[in-house]
Amino acid sequence: MTSAIQVQGLHKSFGRTVALDGLDLDVQTGEIHGFLGPNGAGKSTTLRILLGLMRADGGSATLLGGDPWHEVESLHRRLAYVPGDVALWPNLTGGEVIDLLGNLRGGLHDQRRADMIERFALDPTKKGRSYSKGNRQKVALVAALAADVELLLLDEPTSGLDPLMEAVFKDAVREFRAAGGTVLLSSHILSEVESVCDRVSIIRDGRNVESGTLTQLRHLSHTTLEATLDRPADQADIAALPGVTGAVVSGTHVTCAVESGHLGAVLEHLGTFGIHSLTSAPPTLEELFMEQYRVPAATP
Amino acid sequence: MTSTSAPTAPSSPRVGSARGSGLTGTTRLLRLAARRDRVLIPVSAVTLMAVVAGSAQATFDLYPDPSLASPALRETLDNPALVAIYGPVASLTVDALATFKTVLLGGVFLCLLAYVVVRRHTRTEEEEGRLELLGSGVVGRRAPLAAAVLLATAAVIGTSVLTILGAVAVGLDSAGSVALGVSWAVMGLTWVGVTAVSAQMTETARGTAGFALGALAAAYLLRALGDAAGSDSPARVLTWISPLGWAEKVEPYGANRVWVLVVGVVAYAVLVLVAFALLERRDLGAGVLPSRPGPARGSLRTVGGLTRRLARGTVIGWTIGFVVLGAVVGSLGGSVQSFVDSPEIAEMLRKLGGGAGTIIDTFFATELRFAAIAAAALGIALTTRMRTEETSERAEAVLATPVTRLRWGVSHIVVAVAATALVLAVAGVVAGLLDGRRTGDVAGSVGRLTGGALAALPAVWVCIAVAVLLVGLVPRLTGLVWAVLIGFLVLGEFGPIMNLPSWMTAVSPFDHLSHLPGGTLDTAAVLGLVVVAVALTAVGLAGLRRRDIA
């Protein structure tokens, strides 16, 4: 596997504000990589550096094997970008913008263009000023998805789309990957990342805090257990077990969170009280995400 | 105003105003609108009054002996181009001469004020969704339009009354001054109505502008054709079709037909009623006319094509402006001799233009230099569009394609350079064609005046280069280029009048232009300006390539 994007120790400051503080990011060729973080974490800054719109103060960034700052022309031929807040020219129609961006990139797939316009239910004859936020996003998405490129950089591309269009988007992105493409998907919508992404990087304050496949990340976190026992258990006993947090016992009803490595021991302990029913929920991405942001960042 | 009889039962199922007058909240909206326009309206009113009073005072100073006024007016009457621009002369009195240039044009500006006020509180609000916010509160469906019409009406009447007072104060005939106010009220009130109707037609504020301003342009042209036609020509009826023509028929300081006000008020009432009727027939946010779709496929292939397309509207507008400018300048050549009988004016023109040649050449050189400064403003506007594209984040989409910043920046510079050359050439050719009637040598006049206009281009390039420099090096301070242009204007054009030292006036690139027509082209100065322009542009572009794109 080769890396489509490789970022190491990226630094960027705006005046006294530090936007990126040693960010690492590794996107493998052929994967959909989720790029998660709260507002102001540095996601858009990272994308802008990858696009050569901004120059990093330190660290290195390699995009499709090239230098994003110096090799703008050759690299941009091979990628398409959808900004988070799509701004269109007020007096150009959506169709004109799609064709313009396609032509600047060296041509569009006509069939795919028509197909995407139909699937996203976009009216390409409306002028830029009369599109809603969601429709502006569709224009940029159609332009990107109909382009003949190997990498998509998407900055919160679905924030204005309705659930139906979000489903269309997910399908289109999966098809793009199936055809060999690579996607870097910055997002707030965790369910979306969870359902389409192969690997995820979570960043915060300009540094990445977690990176890996969802399975790997889940291992780092807690599984929620909810059990009804035959005989009442003691809360203090369960809370004292290694790897257990947030244990609540009321009579025969137990809920607690257990670190992945200690699940067996906890189940064994509960078994001594006779398990009447048991549900266990693996952590959702949302829980992973919340967990990363609940505590303040560790000081380096 | 329109709904004095409130229906007691819902008459129509779809309109929210079915119950009640639909005017609930008008007072509150009116107060809000008046507050938002508390600078715009008073400043416009005082400015329009001051232009009338000031230019009348200047005429009185120029003609201490009123009997000298009528020969000057006769000269003007013989010039159909001037009558087409300013309207006919009401009488051969000094008062009519003193207000000749301000009656019609001032009224047109009052129409623009009425249009701005009505549009901004109706369709603009609606398009931006703010009306929806208000409409969901306790505001009647008709209230926003009613408030906008009331405010604009007050602005028109207020301006007219203020101008009557100002005109009387500088010593203009009082009956004529009242007629002047009536003439303005007829124009202004009609455009309150025209804009109220226009705002109902399309979904966009731009569409409203198209209808209201298009109607104003049509009305102006119709009366221009009618006024300039021969006294026995059937084309004279065209003046009667135009609301601006009705206002002319008041003939302030001449016939003083104040009864024409009735015509204006009737037109106003009919148009406002039509606007309210149309309002009932449409949904909030929609227009009476369906929105027109554009092409589904685009033909723009390059970044240069995009930049040209974005500049198109601006350039067309400025070209029309420069046609008018060229027409005024070219047609005035013959009148200049009589204008500058006073040696003080001749001396002032010499100082402004500084050049040799006849007084008419000096006049042309002076006017063409002002035209060049106006063209520089166009060049700056087109160049700084780079920054607007950047801050609106539209540049991001373009620069994420294989287009380099250099190509993107150069495309804007090319458009600015070409557009400024175009408008100056157009002004020169039009002025030359009209001046050719005076000299009898059309080709010669066109050549001399077009050459004179284009000779100013190197100074325009320096202004464009300053804009590039700022966009490239200190993008946040891009707006400073306008201050620089004003500085050039003050130093170069008024420096000699203010007796500033020559090293100060030399800062302005316009100071290094040759005085054409009439003088000789100073190639060294042209070369110097070109070198400065190229150097500043190169530094600016180098900065653009190195910096972050916002």
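- Of all heavy-atom pairs between W69(A) and R405(B), the closest is CZ3-NH2, 3.5 Å.
- L51(A) places none of its side-chain heavy atoms less than 4.5 Å from the side chain of L399(B).
- With a threshold of 4.5 angstrom between heavy atoms, D85(A) approaches chain B through its backbone and through its side chain.
- Among E73(A), R78(A), K126(A), the residue making the largest number of heavy-atom pairs under 4.5 Å with chain B is E73(A).
- Contacts with chain B were tallied for L88(A), I98(A), L79(A), V82(A); L88(A) has the most, counting heavy-atom pairs under 4.5 Å.
- Side-chain atoms of L300(B) and N103(A), non-hydrogen and from C-beta on, never get closer than 4.5 Å to each other.
- When heavy atoms are compared at a cutoff of 4.5 Å, R546(B) approaches chain A by way of both its backbone and its side chain.
- Nearest heavy atom pair, residue T125(A) against residue A296(B), reads CG2-CB, 3.8 Å.
- The shortest non-hydrogen separation linking D99(A) to G298(B) is OD2-N, 2.8 Å.
- With a 4.5 Å cut-off on non-hydrogen atoms, R312(B) does not touch chain A at all.
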Please lay out, stage by stage, how L104(A) and L306(B) fare under the test side chain to side chain contact (heavy atoms under 4.5 Å, CB included).
-> CA-CA 10 Å; L104(A) 292 180; L306(B) 171 67; 5.5 Å; no

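- In this structure, M54(A) and D548(B) approach most closely via the heavy-atom pair CA-OD1, 3.3 Å.
- Remark: the backbone N or O of P295(B) is paired with a side-chain donor or acceptor of T93(A) at under 3.5 angstrom.
- Between P402(B) and H76(A), the closest heavy-atom pair is N-CB, 3.5 Å.
- Nearest approach of R309(B) to N91(A), heavy atoms of both residues: NH2-O, 3.5 Å.
- Among L92(A), I49(A), V72(A), the residue making the largest number of heavy-atom pairs under 4.5 Å with chain B is L92(A).
- Sparse packing is recorded around CD of E118(A), with 12 or fewer heavy atoms of other residues, nucleotides or ligands lying under 6.0 Å away.
- The number of heavy atoms from other shown groups lying within 6.0 Å of CZ (R545(B)) does not exceed 12.
- Considering only heavy-atom pairs separated by less than 4.5 Å from chain B, the leading option among S74(A), P124(A), P83(A) is P124(A).
- The most heavy-atom pairs under 4.5 Å with chain A, out of E389(B), R297(B), E396(B), E393(B), come from R297(B).
- Of the listed residues E203(B), R407(B), R301(B), R206(B), the one with more heavy-atom pairs under 4.5 angstrom with chain A than any other is R301(B).
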